Amino acid sequence: MAMACSGHMPVEAAKPQPRTHFLACDSPSNSRKIFASSLHFLGKDPAPCRRFHASHIKNAPFARRSKLAVSRSDSIRDYSLELVAMAKPDPLKIMLSGAPASGKGTQCELITKKYGLVHIAAGDLLRAEVAAGSENGKRAKEYMEKGQLVPDEIVVMMVKERLLQSDSLENGWLLDGYPRSLSQATALQEFGLQADLFILLEVPEEILVERVVGRRLDPVTGRIYHLKYSPPETEEIAARLTRRFDDTEEKVKLRLRTHHQNVEAVLSMYKDITIKVNGDAPKENVFAQIDNALSKLLEQGKATSGSLAA
């Protein structure tokens, strides 16, 4: 403390203020950089027992323009745990493709049950519009009845908005039967919607026709039956089953022709992430192939996040 002189009051020396280091976290892509650089900073600090605290972390790593205020008031362990949480692997983003009746619906059910992904079927979105009798639904029905693809402008924005909803972003998504054309795939890419894996189910055409013609829908439960392979359990259910207007041999052959014309172009966009699965097998065997591929993706994600934490 300074001594009083010449009638002046004693003046205390200014106390040193604890240093605070700020780390910008203004985008998800920066979270891993924050983690690595911060641990590097902590490892270089010469003081043996310094304590750090991470504050102002809100909804990390997705918070916009937030800052991490790191002081010496709390433990390094607390701060490190926050950073490790920010480096967790991203949720899976999967596309599943195949011709009509190739088994996409069955496999989507098995995938979502195990992995908790949000199932998004462009066909279901379209049929909902048709059932509602909306303007888009009326336009879509004209193309569907001819076995043709519905124009992109009707579908693309609908799919995009669903993929960007909060449940899809948080849990990951499974896009069922979309994109079906090169233009649709290009539109998704322009929106920044990129999949981790593109799965193609392959089934011989004669089997596909048989599957479609015998397919029936229970309007009460929404369950799909097949008169030969998966018949209804009771006469009551059988009496109320309906057939989709496009589940006829003539229309399915048109749809198959359209599918084959477009699938190669779509695959050219996703050739680096595509796996082809034999869909002409028991559903458990088909799922085993898909499950193996998804498990490897998750392991790779864990390994990547783990290397940041090392």
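Computed from a predicted structure; not experimentally measured.
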Hydrophobic cluster membership, [X] vs [Y], 4.5 Å side-chain cutoff:
| X | Y | result |
| --- | --- | --- |
| Leu193 | Leu182 | yes |
| Leu227 | Tyr225 | no |
| Ile154 | Val130 | yes |

Separation of [Y] [atom2] from [X] [atom1] (nearest 0.5 Å):
| X | Y | atom1 | atom2 | result |
| --- | --- | --- | --- | --- |
| Asp272 | Tyr270 | CG | OH | 12.5 Å |
| Lys113 | Cys108 | NZ | SG | 15.0 Å |
| Glu206 | Glu210 | CD | CD | 9.5 Å |
| Ile273 | Phe198 | CD1 | CZ | 8.0 Å |
| Lys141 | Arg127 | NZ | CZ | 13.0 Å |

So, does [X] use its side chain to make a donor-acceptor pair with the main chain of [Y] at under 3.5 Å?
| X | Y | value |
| --- | --- | --- |
| His226 | Arg211 | yes |
| Ser295 | Asp291 | yes |
| Lys104 | Ala99 | yes |

So, [X] and [Y], do they make that salt bridge, N to O below 4.0 Å?
| X | Y | result |
| --- | --- | --- |
| Lys114 | Glu109 | no |
| Glu249 | Lys253 | yes |
| Arg139 | Glu153 | yes |
| Asp152 | Arg180 | no |
| Asp247 | Arg215 | yes |

CA sep, side-chain torsions, deciding dist, call: Glu205, His260, side chain to side chain contact (heavy atoms under 4.5 Å, CB included): CA-CA 10 Å; Glu205 184 166 325; His260 294 313; 3.6 Å; yes

Residues Glu250, Arg255; criterion salt bridge (charged side-chain N to carboxylate O under 4.0 Å, His left out); working and verdict: CA-CA 9 Å; Glu250 180 183 2; Arg255 290 159 61 196; over 6 Å; no

With a 4.5 Å limit on heavy-atom distance, are the side chains of [X] and [Y] in contact?
| X | Y | value |
| --- | --- | --- |
| Lys146 | Lys251 | no |
| Ser230 | Arg223 | yes |
| Arg162 | Met158 | no |
| Asp176 | His119 | yes |

Side chain to side chain contact (heavy atoms under 4.5 Å, CB included) assessment of Arg216 paired with Arg244: CA-CA 7 Å; Arg216 297 293 185 273; Arg244 275 174 37 180; over 6 Å; no

Taking all heavy atoms of [X] and all of [Y], pick out the closest pair and write down the distance.
| X | Y | answer |
| --- | --- | --- |
| Leu241 | Pro232 | CD1-CG, 3.7 Å |
| Gly222 | Leu217 | O-CD1, 3.6 Å |
| Asp280 | Pro204 | CB-CD, 3.9 Å |
| Gly133 | Lys138 | O-CE, 3.3 Å |
| Ala122 | Val155 | CB-CG1, 4.3 Å |

Should we say atom [atom1] of [X] is surrounded by more than 12 heavy atoms from elsewhere, each under 6.0 Å from it?
| X | atom1 | answer |
| --- | --- | --- |
| Lys93 | NZ | yes |
| Phe245 | CZ | yes |
| Glu145 | CD | yes |

Step-by-step side chain to side chain contact (heavy atoms under 4.5 Å, CB included) determination, Thr258 to Leu254: CA-CA 6 Å; Thr258 302; Leu254 285 173; 5.5 Å; no

Polar contact flag, side-chain donor to acceptor under 3.5 angstrom, Thr221-Asp218: yes

Modelled atom types, side-chain donor and acceptor of Ser181 and Asn262, under 3.5 Å: no

Nonpolar side-chain network containing Ile290, other nodes, edges under 4.5 Å: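 So far as hydrophobic clustering goes, Ile290 is joined with Leu92, Ile94, Leu96, Leu110, Ile111, Tyr115, Leu117, Leu174, Leu197, Ile199, Leu201, Ile275, Val277, Val286, Phe287, Leu294, Leu297, Leu298.
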
Fellow cluster residues of Leu208, listed by chain then number, with links counted only when side-chain atoms sit under 4.5 Å apart: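 Leu208 shares its hydrophobic cluster with Val203, Ile207, Val209, Val212, Val213, Val252, Leu256.
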
Worked verdict on Leu188 versus Tyr178 for side chain to side chain contact (heavy atoms under 4.5 Å, CB included): CA-CA 10 Å; Leu188 289 180; Tyr178 194 91; 3.8 Å; yes

